[in-house]
Amino acid sequence: MKYIFLIILFSGFFANAQVVNKTDSNRVDKKAEDTLVIDSGRKDSLKIFKPTINDYQFQRQYAEKKVFDTVMTFDKTYIFSQYNNRDNFGRIQFANVGSGFNPLSYEVNSEQNLSLLPANKSYGIIGINDVQYYDVKTPTATFVYHNSMRNGAALKSTYTQNIGKRFNFALEYMGLRSQGLYRNSLASNNNTLFSGHYITKKENYEIFAHYLHQNVNNQENGGIFEDNLFQTGDSDYRNRQNAQVNLASTSSQFSYRRYYLSHQFTPFNSEKFPFRIRHTISHQGNKYFYHQDALEPYWYTNEDELISGFPLSTKKYSDNLSNTVSLVLDNEKFKLDAGVRYQMLKFGIEEGIVVNDVAWPTEIKENRLGAVGNLQVKLWDKIQLNSFLEFSNGSEFGTYVKTTNNLKFEPIKDYFVNAKVNFQSVYPTFNYLLNTSVYKNFNYYLQDAKNQTITEIGGNINLKWFKTELFVNYFRIDNYTYFDSSATPKQSETPLNISQIGGDATFSYGNFHLNTRLQFQNALTNKDLYPMPGFIGRANIFYQTHAFKKAAEIQAGIKVYYFSKFASRDYFPVLNEYILPNANSFSIGGQPIADVYFNMKVKKMFFFIEGQQIGTLLSHNKAYAFPHYPVYDFRLNIGIVWYLFN
């Protein structure tokens with residue numbers, strides 16, 4: 001709370017600011033005036049500088065600046081109604097905010113590469129390229145609030161200020177606490193982010209730096225014990241706290257810490273010699289804890305399945321110290337950034353184990369040497385190519401290759417085509433490599449693992465008609481790494497092939513609008529290794545207009561989310577991963593989830609109010625996020641977003 005009081009102290013009241021229309025990139029118009037200057041014309045008069053919205057900008061490192069987006073668009077109802085402030089299409093949430101999701105659609109998460117990051121702890125992680133750096137004329141603060149399930153709330157607050165014209169610092173804090181509807185499901189997440197950006201007057205030296213510390217802490221209840229009572233709507237289950245759960249004293253914690261600094265220097269006149277020297281250094285440490293106060297009978301049936309004297313709680317960790325030096329060739333149409341990278345990698349566990357008289361390693365570490373490169377090409381303001389390549393090699397985790405290639409072009413005005421070809425070959429994420437536990441069945445050591453190779457080909461077409469986007473994706477995963485039904489890591493000998501095709505469109509008639517997003521998907525081979533629904537769909541019917549003599553803007557509508565019935569993977573809390581279904585699993589899906597909502601914007605404040613899962617007011621809830629893990633019941637979901645420009 002002390003961060004909030006500091007922000008309010010420095011921020012003050014916000015002034016009216018000009019609002020610009022949102023574009024696809026929300027970039028700053030180079031021709032637009034940033035600050036209005038008011039002058040009476042007298043020689044001794046005082047000039048008054050009145051900031052406009054163009055004076056409040058943000059950027060990712062070394063990227064184009066964008067203005068703060070304070071326009072009320074329908075897509076914000078998908079974002080600011082979610083605790084992680086992201087559109088979670090293709091996922092289904094547990095019955096508590098802050099507890100993760102079931103991924104219904106295949107995703108590639110590069111944050112898991114050469115690191116320890118359990119899948120169900122990854123949904124709020126802020127990567128290096130997610131960090132925002134600011135440039136504001138006056139002290140600025142933002143607040144994003146969400147209510148929680150039962151006791152608690154979630155609040156993200158940001159304070160940023162320029163010191164002079166060339167240095168900016170920002171402080172961001174997010175705190176979430178939610179007790180949840182069911183017993184032993186408390187979520188307690190937080191993150192702290194300090195960031196700074198500086199550029200010299202001659203623009204020949206620039207630096208970006210940040211420090212990030214995130215915690216994702218959850219009680220683990222193992223799901224409900226009597227699914228038949230939930231599915232039949234038994235009266236004893238109307239109070240969800242009465243539902244018996246499988247685990248009584250278990251929790252998991254994930255800690256993510258990163259120090260980061262990147263700076264570049266232009267030694268000569270950039271117009272004559274357009275090159276810079278760039279240096280980046282970072283250190284990232286990840287820790288995963290699984291804690292239990294006592295042995296849980298849910299995980300074993302007799303004493304022979306336990307390791308005598310082994311600790312009840314376990315810890316894993318990974319560290320990555322990265323140091324990169326590169327040369328940047330930069331002009332308006334062509335940009336190349338190429339350099340060398342040195343890494344020190346470490347992965348370990350706190351408690352070792354001996355199996356068949358062989359001691360499993362407690363720590364694996366190596367030094368890696370590699371190269372990185374970025375290429376950006378812009379032609380005729382119609383074609384843009386972005387390519388990235390990284391290669392490294394080490395003695396323990398093998399060869400790492402990753403390349404992303406995106407081509408965007410505009411064959412006809414206002415019609416865009418985006419094509420992508422991505423490839424990565426990388427050692428399995430560290431959570432698959434080694435685990436020790438007091439329960440014998442959950443000990444494993446994946447020796448001589450092969451690189452998991454992912455090839456992704458796809459793209460999308462953006463059409464002016466009905467603001468339509470059509471997309472298609474194809475994935476081929478060789479040596480697909482997964483957890484079987486007993487939570488043992490395996491690698492497939494044959495490739496997994498997945499196809500996705502769909503679209504998004506918005507139809508309007510006056511103040512009435514319909515936004516739909518559809519996705520059809522299929523595992524072309526090895527269907528049993530990655531169960532998924534064949535169809536995911538979302539429809540949003542809403543009314544939007546100005547109100548109160550244009551002092552406010554309102555949206556009101558209904559959203560329906562649906563995915564077809566399928567034999568879902570199970571959630572495995574010991575690892576915070578997803579495992580193949582077992583004999584106690586069952587299919588989920590095939591039931592629509594409907595929300596009614598009313599959103600309003602007043603100046604720079606947004607209110608998002610939803611009645612979620614309204615169908616459960618008429619009939620008992622039967623929807624699941626995972627087998628044994630129900631979806632939330634009806635709840636009033638409130639989100640508030642407030643921009644304060646002092």
Side-chain angles (χ1 to χ4, degrees), residues 89-91 101-123 125 127 388-393 397-406 419-433 444 446-460 471-502 519-536 563 566-572 575-581:
F89 179 85
R91 301 169 182 168
F101 299 85
N102 183 351
L104 307 175
S105 180
Y106 182 76
E107 303 172 345
V108 179
N109 185 358
S110 59
E111 290 293 326
Q112 293 181 306
N113 292 348
L114 297 179
S115 70
L116 173 66
L117 178 55
N120 201 50
K121 298 293 190 183
S122 65
Y123 296 106
I125 294 299
F388 168 81
L389 173 65
E390 179 178 356
F391 169 86
S392 67
N393 190 59
F397 304 121
T399 301
Y400 172 61
V401 179
K402 179 184 177 183
T403 178
T404 59
N405 304 275
N406 297 275
K420 61 182 177 181
V421 178
N422 301 330
F423 174 85
Q424 70 175 36
S425 178
V426 58
Y427 217 66
T429 182
F430 292 167
N431 211 22
Y432 286 87
L433 301 185
Y444 59 78
L446 184 62
Q447 301 184 62
D448 303 320
K450 300 178 181 178
N451 274 17
Q452 179 175 262
T453 302
I454 304 174
T455 303
E456 179 184 3
I457 302 173
N460 61 71
F471 63 87
V472 60
N473 294 305
Y474 168 77
F475 300 90
R476 176 189 170 101
I477 306 103
D478 292 284
N479 301 320
Y480 173 61
T481 310
Y482 62 96
F483 289 102
D484 65 14
S485 58
S486 60
T488 302
K490 298 289 182 62
Q491 289 191 297
S492 174
E493 296 181 354
T494 56
L496 171 63
N497 295 273
I498 297 174
S499 65
Q500 301 171 348
I501 186 170
Q519 179 172 312
F520 299 88
Q521 57 186 12
N522 186 32
L524 304 177
T525 58
N526 284 320
K527 294 178 182 289
D528 295 337
L529 298 186
Y530 198 94
M532 67 182 75
F535 171 75
I536 307 172
F563 57 93
F566 74 111
S568 171
R569 292 179 294 177
D570 285 336
Y571 171 61
F572 189 63
L575 301 172
N576 259 254
E577 299 281 359
Y578 316 121
I579 67 175
L580 294 183

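All values reported here derive from a predicted model rather than from experimental measurement.
The salt bridge (charged side-chain N to carboxylate O under 4.0 Å, His left out) search around D478 returns R476, not counting sequence neighbours.
Side-chain contact annotation: Y571 with N576, donor-acceptor N/O pair under 3.5 Å present. Side-chain contact of E111 with S122: a donor-acceptor pair under 3.5 Å is absent, judged by distance alone. Between the side chains of N526 and T494, at least one donor-acceptor pair of N or O atoms lies under 3.5 Å. With hydrogens and angles left out, the side-chain atoms of N522 and S499 include no donor and acceptor closer than 3.5 Å.
The environment of NZ in K420 is crowded: more than 12 heavy-atom neighbours from other residues, nucleotides or ligands sit within 6.0 Å.
Side chain of T429 to backbone of Q112: a donor-acceptor contact under 3.5 angstrom is found. Remark: side-chain polar atoms of Q452 are paired, donor with acceptor, to backbone N or O of T481 under 3.5 angstrom. Remark: side-chain polar atoms of N405 are paired, donor with acceptor, to backbone N or O of V421 under 3.5 angstrom. Counting only distance, with no hydrogens or angles, the side chain of N431 and the backbone of L575 share a donor-acceptor pair below 3.5 Å.
Aromatic ring pairs are classed by plane angle as parallel below 30°, tilted from 30° to 60° and perpendicular above 60°; the pair F535 and F520 is tilted. Ring pair Y482/Y480 is parallel by interplanar angle, where below 30° counts as parallel and above 60° as perpendicular.
Side-chain contact check for P531 versus L580: some heavy-atom pair is nearer than 4.5 Å. P533 has its side chain within reach of Q521: a pair of non-hydrogen atoms, C-beta onward, lies under 4.5 Å apart. Using a 4.5 Å cut-off on side-chain heavy atoms (C-beta onward), I477 and Y106 make contact. No side-chain heavy atom of N102 sits under 4.5 Å from any side-chain heavy atom of Y578. Side-chain atoms of Y474 and N497, non-hydrogen and from C-beta on, do get closer than 4.5 Å to each other. Contact check for P103 versus Y123: side-chain heavy atoms found under the 4.5 Å cut-off. Between F397 and L433, the closest side-chain pair of non-hydrogen atoms falls below 4.5 Å.
Note: Y432 and Y444 fail the aromatic proximity criterion, with ring centroids not under 6.0 Å apart.
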Practice task
List the steps and the verdict of side chain to side chain donor-acceptor pair (under 3.5 Å) for N422 and T404.
Solution key: CA-CA 4 Å; N422 301 330; T404 59; 4.7 Å; no
Handout entry: Residues F471, Q519; criterion side chain to side chain contact (heavy atoms under 4.5 Å, CB included); working and verdict
Key = CA-CA 9 Å; F471 63 87; Q519 179 172 312; 3.8 Å; yes
Problem - side chain to side chain contact (heavy atoms under 4.5 Å, CB included) assessment of L117 paired with F430 - result: CA-CA 8 Å; L117 178 55; F430 292 167; over 6 Å; no
Exercise for the section: Under the side chain to side chain donor-acceptor pair (under 3.5 Å) rule, what do S110 and Q424 come out as? Steps first, then yes or no, please. Expected result: CA-CA 9 Å; S110 59; Q424 70 175 36; over 6 Å; no
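When all heavy atoms of A523 and L496 are compared, the closest pair comes out as CB-CD1, 4.3 Å. Closest approach of P495 to T525, counting heavy atoms only: O-OG1, 2.9 Å.
Relative to the ring axis of Y530, R569 places its NZ or CZ within 45° and under 6.0 Å from the centre.
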